[in-house]
There are 2 protein chains.
Amino acid sequence: MANQTEGGSHRAAPVHTDPEDVSLLTALSALADSVRLTLIRELAGSADWTRSCGSFDVPVGKAALSHHFSVLRGAGLVEQRDEGPKRVNRLRREEFDARFPGLLDLILRADDLD
Amino acid sequence: MANQTEGGSHRAAPVHTDPEDVSLLTALSALADSVRLTLIRELAGSADWTRSCGSFDVPVGKAALSHHFSVLRGAGLVEQRDEGPKRVNRLRREEFDARFPGLLDLILRADDLD
DNA sequence: CCGAGTGTTCGATGAGCATCGTACAGTGCG
DNA sequence: CGCACTGTACGATGCTCATCGAACACTCGG
């Protein structure tokens with residue numbers, strides 16, 4: 001069934017995955033990409049719901065960017081919400097950390113990527 | 001015949017990478033594979049230098065197995081040594097943990113892979 | 001109601017990589 | 001020495017995935 005609650009948006013709601021349902025392999029695969037790593041780290045440096053998808057400084061086009069956010073949602077790392085014409089993001093810190101303790105901290109603490 | 005000293009082996013020594021020189025992306029990429037994850041976990045359940053490469057229960061041929069160990073070495077996760085005709089392995093727990101604190105523990109503690 | 005801005009979807013493309021089979025190179029045992 | 005065992009090197013193959021361009025959908029401000 002569609003879970004389209006209140007009758008505000010006529011837009012396809014982003015599909016989220018609960019971190020509890022994410023396998024270790026899925027989580028690691030989602031993190032093993034430089035673009036997604038950058039997204040997560042930039043997101044971690046901003047307040048929740050303040051960054052739209054297009055506001056990130058990554059060297060890929062819109063289509064690829066949309067794909068990356070889809071992967072991040074599927075790994076339980078990012079939550080999205082439609083706000084006007086934009087889709088704003090939130091890093092699921094607590095939830096993801098409960099499933100994979102320390103992993104997110106490790107990613108954010110690292111000083112070099114490549 | 002007892003153990004061989006420095007001048008004994010005429011065999012190509014395995015190329016190792018110090019965990020300190022491993023990037024986060026390289027580490028995550030190495031871990032984001034079910035076969036390698038299995039190798040690491042099986043290795044963690046055995047004493048150091050007791051497991052030869054062929055002694056692991058993974059559904060791949062010799063060639064692929066050799067490749068996986070090469071990746072694990074390159075990520076600073078595994079150390080290898082030639083012992084007679086076999087190549088025995090050791091999980092670099094302390095060293096890798098010093099570079100990426102908690103990551104290895106997380107991998108080993110996880111109860112499901114996929 | 002139109003147009004600018006934002007993001008998704010679709011099909012195609014290219015690169016990387018996991019895998020295999022085979023040939024090759026050491027090692028040690030009989 | 002010759003042979004079984006172990007692992008690596010190499011070339012080929014097939015699949016996954018990151019990316020792009022273009023078309024489409026939705027929102028909001030004139």
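All chains are named by letter (A, B, ...) in the order of the sequence lines, taking the proteins before the strands, and each is independently numbered beginning at 1.
- With C:dT8, C:dT19, D:dT27 as the choices, the nucleotide that has an atom nearest any side-chain atom of A:Lys62 turns out to be C:dT8.
- Atom CZ of B:Phe69 and atom C1' of D:dT6 are 13 Å apart (whole Å).
- Nearest to the side chain of A:Val60, among D:dT27, C:dG26, D:dT19, sits D:dT19.
- Atoms OG1 and CD, from A:Thr17 and A:Glu79 in turn, are 11.5 Å apart once rounded to the nearest 0.5 Å.
- Of the candidate nucleotides C:dT27, D:dA23, D:dT8, C:dT27 has the atom lying nearest to any side-chain atom of B:Arg11.
- Under a hydrophobic-cluster definition in which Ile, Leu, Val, Met, Phe, Trp and Tyr are linked whenever side-chain heavy atoms come within less than 4.5 Å, directly or via other members, A:Val35 and A:Leu28 are assigned to the same cluster.
- Going from atom CD of A:Gln80 over to atom P of C:dT8 covers 6 Å, rounded to whole Å.
- Nearest to the side chain of B:Ala64, among D:dC28, D:dT6, C:dC20, sits C:dC20.
- We find that CG of B:Leu65 is positioned 10 Å from P of C:dT19, with the value rounded to whole Å.
- In this structure, B:Leu72 atom CG and D:dG7 atom C1' are separated by 15 Å, rounded to whole Å.
- Distances from the side chain of B:His67 to the nucleotides C:dG7, C:dG5, C:dT19 place C:dT19 closest.
- Rounded to whole angstrom, the span from the CG atom of B:Leu25 across to the C1' atom of C:dG16 amounts to 13 Å.
- Rounded to an integer number of Å, the gap from B:Lys86 NZ to C:dC29 P is 11 Å.
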Residues A:Glu83, A:Arg81; criterion salt bridge (charged side-chain N to carboxylate O under 4.0 Å, His left out); working and verdict: CA-CA 6 Å; A:Glu83 207 163 90; A:Arg81 174 208 295 175; 3.5 Å; yes
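- Between A:Arg87 and D:dT27 there is no side-chain polar atom (N or O) within less than 4.0 angstrom of OP1 or OP2.
- Distances were taken from every side-chain heavy atom of A:Asp33 (C-beta onward) to each of C:dT19, D:dT8, D:dA18; the shortest belongs to D:dA18.
- Using a 4.0 Å heavy-atom distance criterion, A:Ser52 is classed as a sugar-phosphate-only contact.
- Nucleotides of DNA chain C nearest to A:Val88 and B:Gly61 differ in position, and the one nearer the 5' end is that of A:Val88.
- Of the candidate nucleotides D:dT6, D:dA18, C:dG21, C:dG21 has the atom lying nearest to any side-chain atom of B:Ala63.
- Residues B:Pro14 and B:Gln80 come closest through the heavy atom pair CG-O, 3.8 Å.
- The 5' end of DNA chain D is approached more closely, in terms of each residue's nearest nucleotide, by B:Asn89 than by the other of A:Gly84 and B:Asn89.
- A donor-acceptor distance shorter than 3.5 angstrom exists from the side chain of A:Arg73 to the backbone of A:Val15, with no hydrogens or angles considered.
- As rounded to whole Å, 13 Å separates atom P of C:dA18 from atom CG of B:Leu37.
- Distance B:Glu83 CD to C:dT27 P: 13 Å, rounded to the nearest Å.
- Using a 4.0 Å heavy-atom criterion, one finds that A:His68 contacts the sugar-phosphate atoms exclusively.
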